[in-house]
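A short worksheet on the structure shown next.
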Number of protein chains: 2
Amino acid sequence: MKKKTTIYDIAKKLNITAATVSRALNGNSKISEATRKLVAETAKEMNYEQNKLAQALKSGKSYNVGVIVPRIDSNFFASIIRGIEEELYPQGYHVIICQTHDQEALETGNINSLLNAQVDGILMSVSNAKGDSDTSFNALLKKNVPLIFFDRKKEIKGISSVTIDDFKGAYEATKHLIDQGYRRIAHLSNDRSLLIFKNRYLGYRQAILDSGLEFDENLVIETHSKVLEGRKTMKKLLNFENRPDAIFSASDFTALGAIQEIKAHGLKIPEDISVVGFSNEPFTRFMELSITSVDQSPIEMGRLAAQVFLEEVNNDKRIKSEKQVVLTPELIIRKSSLKSQILDKA
Amino acid sequence: MKKKTTIYDIAKKLNITAATVSRALNGNSKISEATRKLVAETAKEMNYEQNKLAQALKSGKSYNVGVIVPRIDSNFFASIIRGIEEELYPQGYHVIICQTHDQEALETGNINSLLNAQVDGILMSVSNAKGDSDTSFNALLKKNVPLIFFDRKKEIKGISSVTIDDFKGAYEATKHLIDQGYRRIAHLSNDRSLLIFKNRYLGYRQAILDSGLEFDENLVIETHSKVLEGRKTMKKLLNFENRPDAIFSASDFTALGAIQEIKAHGLKIPEDISVVGFSNEPFTRFMELSITSVDQSPIEMGRLAAQVFLEEVNNDKRIKSEKQVVLTPELIIRKSSLKSQILDKA
DNA sequence: CTGTTAGCGCGTTCAT
DNA sequence: ATGAACGCGCTAACAG
């Protein structure tokens, strides 16, 4: 590494003090316009760049925030991250992205590493790892490092969150199926220790009850958000003696798997069985048989999470304001659930 | 922030010096086993955690590396990043991910921010932004900050890279189409100032020439890696008086768009028109009409890029060894290009 | 084996 | 308006 120029170098050249240089560069009020200009010029001349590490060490702020997600290769999380970036970059922050791959060890490991890296805060979507990572969260709280949950939250006192109304999204999706005339609606669920899946389950259930239909717990199957898992689960459902005529899936990926399996059995969608997913992943729109899904406005979610973080970090540290932002989901109706021909333009 | 415990705190408690504590913690050879143990214990007791910032300031190493990609919401780049992580995490590095969204300003901006953040190196896939960001690259070189290109490289002396043999991938894809009996093969290209697209074009061209077919430049159309762009371009091609009977697309996304458009025109795939994409994005496998594509083993690519970085950073700084790793692509044949019924199990 | 000292680069008193 | 001096937390050089 070529030696970087420091404020000392430029101080020496100007026969002034490093302190003065620092002040000049930072816009201190009581510095003569002359030296300010002089310093600025020579700084540029010498290709001076502030060493953020030193500044961070001094100020205690690294201007790095950690973002922890289960994985980045879904449009949903990638979009959230984009939203976070859009909000944070202009404020001079950097984003360190970590993936948990739903593994407990990685989750707590990532938190610790980020803390070690002196991040100014952590925005995260909790994984569905089983163990009790709550201890990590509490450690964070004790250190007063801002922690914001988005999408997949845990209910911990004092931690702000940005989520969507999963109950409502599920309710409307299910209601839509009922309105289309479907009567035996199955639900591809997921780990309901995670609030989002619990709420999607509850929304689904309530819609059925409100419509006076019979609620059949056997039609609720817990699976994982993977295409192949969706296929497997659908296979089971198709073997029921009284098989469902519609599927509300808590995930677009399992919805896709279900569709594949349904077709493989020679059944028609949506005539024989209707399918609705969740998250509005791009492929739901691009499939020849486009898939009805619930949009979660992930970019907006990311932006809001970032805003909450900025508030917490800028406000007086002593005021710990817990903030719960809840977004409204939007049902996007497509071919996989609509018997008539009127579709959205997508 | 609660005051963190430092090595001074634990030194005071033990009536020894901070230096000793530091040594004990870092496994210095000449420290008594007794104190080493004692220090370790009290460190744990007091919840001591090393301040990486201070260490970084001291050592000049931040143990952060920057990864710059056009975007993260494609499986290809996400997988590369995963490969990089797998290789770098065990070495204690963190990964700061930046997206350029193919914008020149963001590309140079990201580089500068990363440098400011004192990253130990940058792994990047260049965007197809037009401007001359070469100056940024050269600035990097001058500072001796390791820079490694993956996938989308620029040919700059002294910069290592990990790529795949795009020429070969394109050649084999095109050859496959020819072997299937197709004769008028169009190519959906992309910005050929990027080597990957230039080479895919050249591979396509060579395969045609080698087969004794007529090469028709009119069948090469430059577009962008988006589904809708693929549709638009395909629309044009379908209006040719002598329309193509096969498409080799440099992108899976444009291939998908092309397929949509072909179907919209009531034509059959692969009977009337055959389609091959590039990158082996997951959706190519999941479509009902699965899409033939060229796999680029992105995880492997990421791992290799990380390995090259580690070599550069660990080796003697004075030896600037430029390393060019080239991976071999693999053609994955699926329904969209195969007239017979023998498919891969996918 | 361990203490002393010094410095990484910066911002911030406290003087002047 | 500016200089001198100190400290953020850690490690390395030099003692002893």
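Reckoned from all heavy atoms, side chains included, excluding hydrogens, waters and symmetry mates. Just so it is clear, the structure is predicted and the values come from calculations on it, not from any experiment. Naming: A, B, ... by sequence-line order, numbering from 1 per chain.
In terms of phosphate contacts, B/Thr17 brings a side-chain nitrogen or oxygen within less than 4.0 Å of OP1 or OP2 of C/dG3. When the side-chain nitrogen and oxygen atoms of A/Gln55 are compared with OP1 and OP2 of C/dG9, none of them lie within a distance under 4.0 Å. Side-chain N/O atoms of A/Tyr48 include one lying less than 4.0 angstrom from OP1 or OP2 on C/dC10. In terms of phosphate contacts, A/Ser59 brings no side-chain nitrogen or oxygen within less than 4.0 Å of OP1 or OP2 of C/dG11. Here A/Gln50 reaches the OP1 or OP2 of C/dG11: one of its side-chain N or O atoms lies under 4.0 Å away. The side chain of A/Asn26 contributes an N or O atom lying less than 4.0 Å from OP1 or OP2 of C/dG11. Proximity of A/Thr20 to the phosphate of D/dA1: no side-chain N or O atom is located under 4.0 Å from OP1 or OP2.
Between B/Lys157 and B/Glu322 there is no salt bridge, since no side-chain N of the basic residue sits under 4.0 Å from a carboxylate O of the acidic one. The residues B/Arg82 and A/Asp73 are annotated as not salt-bridged, no charged nitrogen and carboxylate oxygen being separated by less than 4.0 angstrom. Look at A/Lys37 and A/Glu41 and you find no salt bridge, because none of the NZ, NE, NH1 or NH2 atoms lies under 4.0 Å from a carboxylate O.
B/Ile7 comes within 4.0 angstrom of a base, heavy atoms only. Using a 4.0 Å heavy-atom cutoff across all strands shown, A/Leu53 reaches no nucleic acid atom at all. A/Ser22 comes within 4.0 angstrom of a nucleotide base, judged by non-hydrogen atoms across all strands. Backbone-only engagement by B/Thr6 is indicated by non-hydrogen atom pairs under 4.0 Å involving sugar-phosphate atoms exclusively. If you check every strand for non-hydrogen atoms under 4.0 Å, B/Thr35 touches sugar and phosphate atoms only.
Put simply, the side chain of B/Arg36 and the base of C/dT2 share no donor and acceptor less than 3.5 Å apart.
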